[in-house]
Amino acid sequence: MAVQELFPGTQVTIGPVIADGFYYDFARKEPFTTEDLNKIENKMKEIVDRDEKTYREVWKRNDAIEHFKKKGEIYKAEIIENIPEGEDVSLYFHGDWHDLCRGPHLSSTGKIGKYFKLTKVSGAYWRGDSNNEMLQRIYGTSWSTQKELDDYLNRIEEAEKRDHRKIGKEMDLFHFREESPGSVFWHQKGWSLFQKLISYMRMKQEIGGYQEINTPEILDRSLWEKSGHWEKFGANMYTSTTPDEKVFAIKPMNCPGCVQVFNQGLKSYRDLPLKMSEFGKVHRYEPSGALHGLLRVRAFTQDDAHIFCTEEQITEECLTVTNLILEIYKDLGFEDVILKYSDRPELRVGDDQVWDKSEAALLEAIKATKLEYSINKGEGAFYGPKIEFVLRDAIGRDWQCGTLQVDLNLPDRLGASFVDSDGNKKVPVMLHRALFGSLERFIGILIENYSGKLPFWLCPIQAIVIPISSDFDDYAKQVNSQLKKVGLSSEVDLKNHNLNYKIREHSLTKVPMLLICGKKEVDSNTVTIRRLDSKKQETMDLKKFLQKYSALNKAPSI
RNA sequence: GCCCUUGUAGUUUUAAUGUUAAAACAGGCCCUUGGUAAGGGUCAGUUACGAGUUAGAUUCUCGUCGAGGGCACCA
């Protein structure tokens, strides 16, 4: 209403309530500017002050269409045209302004209250379809008290402080650059974190009976045509044409490669379930607007695995995978996990009977976990239904990470088979699973969850040894090399700066422990521990320290 | 990909239509040898790219690329 009073000729479309506020889409030739936002906000306050009564009227559908068409509101008219013939519609009026709404509405504009703020403008497609024209959306937030509004704004600020792009820069973990948008340049510290996660997962998978393999990054186009990826995702695949004019694709997924390993040599039913894992780096040409730090990239490493098994083994294998995923999330500090089940999408490969079978099997498995789950209709992969594992972070945000998919299509398309106990060849079932999904993305989530203050066993630098003055450099170096010998990641800081300076510097990069060495420590063969965010000091015998912290240098479940 | 915003040292920012474009921090060198979140001095380093307008462009216009916020997409 405020918008139309200020900018006559602008059409309103829809304006629903969302978490923490609302938005409203408008059709107008000129874009709204930030100053417009201020003007609109002031006008809104004015309308609230006017405290106009609103009232509801029920109209005949066709009368309402006529009414909005006459006013030039073609979008509103279109919405009503989509309401079935014969149904009545409700209109809300205040002053001489009319809106279409299922209701209910507040009884007067004064009831809106003053605790709102327009936050941002953006483009949005009419009816959420990128083939339609783009409208202009104004977002706002609204609360019933000033305090709630302030709390909300603080929450946003808190999330900004945790932004992994900012912390990643401060902690010198990684960077991005124009030469390869959406691909990470990992620095030493970030790569160390990356490797720690991988070796942790290797250990978990080793225990779980997986065999780790590795397959080519570049595979002939024909393989992707066979698997169905070329048809469905060809537009988002990187390709490479060799000097002899052959077309190869840089793998966007690991599964076709993994099936090739399965296919090499005869497999017997005695080999099943066969679990093959791969830390495969995949490339996907994501739309430029989708890129977002580590959370959405064009090149990433999947902690992928494919389990080849019989139909009878599906439920048990799915359960095992689910438990492994939950255990791993717990080790990393995420206990709040939600499951989402997605069934067949419209665009898919395979017969409906096959889909019936895989959906039933996965559903049985998810029920066997006894965990709660929600259902996403039509959101499955093109080759099979899936479970997604969504974890909730320290400030209540949800992140979709792990996935588990039952696939009765690709093994057949790619010619996988095993010899069953009756001597006949059969096509195995393939389960696709990823624990974190993308290592890159998961590291982004970890950074935001912990604000960069990672669990000790994952810290790229777990301790820095600081001599009080250069007289103690030798002792400090000696302590550092002993830490390294027991497998701790440490550094020694011999720079020509005083202690205060060094403590500040390393605290800002979130090193959990600083080991101070001066005369006292040299004489008694000890170190003084200065923990991040704690002024309390603790002096400990060096041997004891090495024992204690090398024991703590691993995931809780190991 | 679409809409809006945006691009100045390694980082965070700021000033500026006309000699060497500025500050802080980080970095190099020197002094300082210090007990728990910034000791002092000094040196070096910058306008995303390409066109155009102009006597002159960091500044204005257009394009390209990137980034930010959304939309759409996400095997």
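Reckoned from all heavy atoms, side chains included, excluding hydrogens, waters and symmetry mates. Quick note on labels: first sequence line is chain A, next is B, and so on, each numbered from 1.
Contact annotation: A:Asn500 does not reach the phosphate of B:rU36 (side-chain N/O to OP1 or OP2, under 4.0 Å). Remark: A:Lys169 is in phosphate contact with B:rU12, judged by side-chain N or O atoms under 4.0 Å from OP1 or OP2. When the side-chain nitrogen and oxygen atoms of A:Arg137 are compared with OP1 and OP2 of B:rG69, none of them lie within a distance under 4.0 Å. Phosphate contact (OP1/OP2 of B:rG68, side-chain N/O of A:Arg165, threshold under 4.0 Å): present. Considering only side-chain N and O atoms, A:Lys120 lies nowhere under 4.0 angstrom from the phosphate OP1 or OP2 of B:rG69. For the pair A:Tyr139 and B:rC71, the criterion of a side-chain N or O lying under 4.0 Å from OP1 or OP2 is met. Contact between the side-chain N/O atoms of A:Tyr501 and the OP1/OP2 oxygens of B:rA26 is found at a separation under 4.0 Å.
Remark: B:rA51 base-pairs with B:rU61. Criterion, Watson-Crick or G-U wobble with two distances under 3.5 Å. B:rU42 is paired with B:rG28 under the criterion used here, namely a Watson-Crick or G-U wobble arrangement in which both key atom distances are under 3.5 Å. Using Watson-Crick or G-U wobble geometry with both donor-acceptor distances under 3.5 Å, B:rG34 finds no partner in any strand shown.
When the P atom is compared between B:rA22 and B:rA48, the two are found 16 Å apart, to the nearest whole Å. Atom P of B:rC25 sits at a distance of 13 Å from the matching atom of B:rA38, rounded to the whole Å.
Between the side chains of A:Lys251 and A:Thr215, at least one donor N or O sits under 3.5 Å from an acceptor N or O. Side chains of A:Thr528 and A:Thr539: a donor on one and an acceptor on the other come within 3.5 Å.
The aromatic rings of A:Phe174 and A:His164 sit tilted, their planes meeting at an angle between 30° and 60°.
Annotation: cation-pi pair A:Arg177/A:Phe185 present, NZ/CZ under 6.0 Å from the ring centroid and within 45° of its normal. Cation-pi check for A:Arg348 over A:Tyr383 is not met; the charged atom does not lie both under 6.0 angstrom from the ring centroid and within 45 degrees of its normal. Both cation-pi conditions hold for A:Arg298 and A:Tyr285: the charged atom is under 6.0 angstrom from the six-membered ring centre and inside a 45 degree cone around its axis. In this structure, A:Lys232 forms no cation-pi arrangement with A:Phe382, as its terminal cationic atom is not both closer than 6.0 Å to the ring centre and no more than 45° off the ring axis.
A:Gln11 meets the side-chain hydrogen bond (donor to acceptor under 3.5 Å, both in side chains) test with no other residue; sequence neighbours excluded. Applying the side-chain hydrogen bond (donor to acceptor under 3.5 Å, both in side chains) rule to A:Asn82 yields no partners; only residues at least two apart in sequence or on another chain are considered. The salt bridge (Lys or Arg N to Asp or Glu O under 4.0 Å) test applied to A:Glu388 returns A:Lys386, not counting sequence neighbours.
Contact annotation: the side chain of A:Phe308 approaches that of A:Cys258 to within less than 4.5 Å [non-hydrogen atoms, C-beta and beyond]. Residues A:Trp399 and A:Leu295 meet the side-chain proximity criterion, which asks for heavy atoms closer than 4.5 Å.
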Expected rows: protein N/O vs nucleotides 3-9 of chain B N/O, under 3.5 Å:
{"residue": "B:rC3", "atom": "O2", "partner": "A:Gly123", "partner atom": "N", "Å": "3.3"}

Can you name the atoms? Protein N/O to nucleotides 73-75 of chain B N/O, anything below 3.5 Å, with the distance.
{"residue": "B:rC73", "atom": "O2", "partner": "A:Arg296", "partner atom": "NH2", "Å": "2.7"}
{"residue": "B:rC73", "atom": "N3", "partner": "A:Arg296", "partner atom": "NH1", "Å": "2.9"}
{"residue": "B:rC74", "atom": "O2", "partner": "A:Arg296", "partner atom": "NE", "Å": "3.4"}
{"residue": "B:rC74", "atom": "O2", "partner": "A:Arg296", "partner atom": "NH1", "Å": "3.3"}
{"residue": "B:rC74", "atom": "O2", "partner": "A:Arg296", "partner atom": "NH2", "Å": "3.4"}
{"residue": "B:rA75", "atom": "O2'", "partner": "A:Tyr383", "partner atom": "OH", "Å": "3.2"}

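Aromatic ring centres of A:Tyr24 and A:Phe22 lie farther apart than the 6.0 Å criterion allows.
Listed nucleotides: B:rG39, B:rU36, B:rG66. Nearest to the side chain of A:Asn498: B:rG39.
Contacts with RNA chain B (heavy atom under 4.0 Å) in residues 503-525 of chain A: A:Ile503, A:Arg504, A:Ser507, A:Leu508, A:Ile516, A:Gly518, A:Lys519, A:Lys520, A:Glu521, listed by number.
At whole-Å resolution of the value, CD1 in A:Ile468 and C1' in B:rG39 are 15 Å apart. We find that CD1 of A:Ile464 is positioned 20 Å from P of B:rG35, with the value rounded to whole Å. In this structure, the CD atom of A:Glu160 is 10 Å from the C1' atom of B:rG69, given to the nearest Å.
Across all strands, A:Asp172 comes closer than 4.0 Å to no nucleic acid atom at all (heavy-atom distances). Counting non-hydrogen atoms under 4.0 angstrom, A:His292 reaches the backbone sugars and phosphates but no base.
For B:rG1, its base sits under 3.5 Å from the side chain of A:Tyr125 at one donor and acceptor pair at least.
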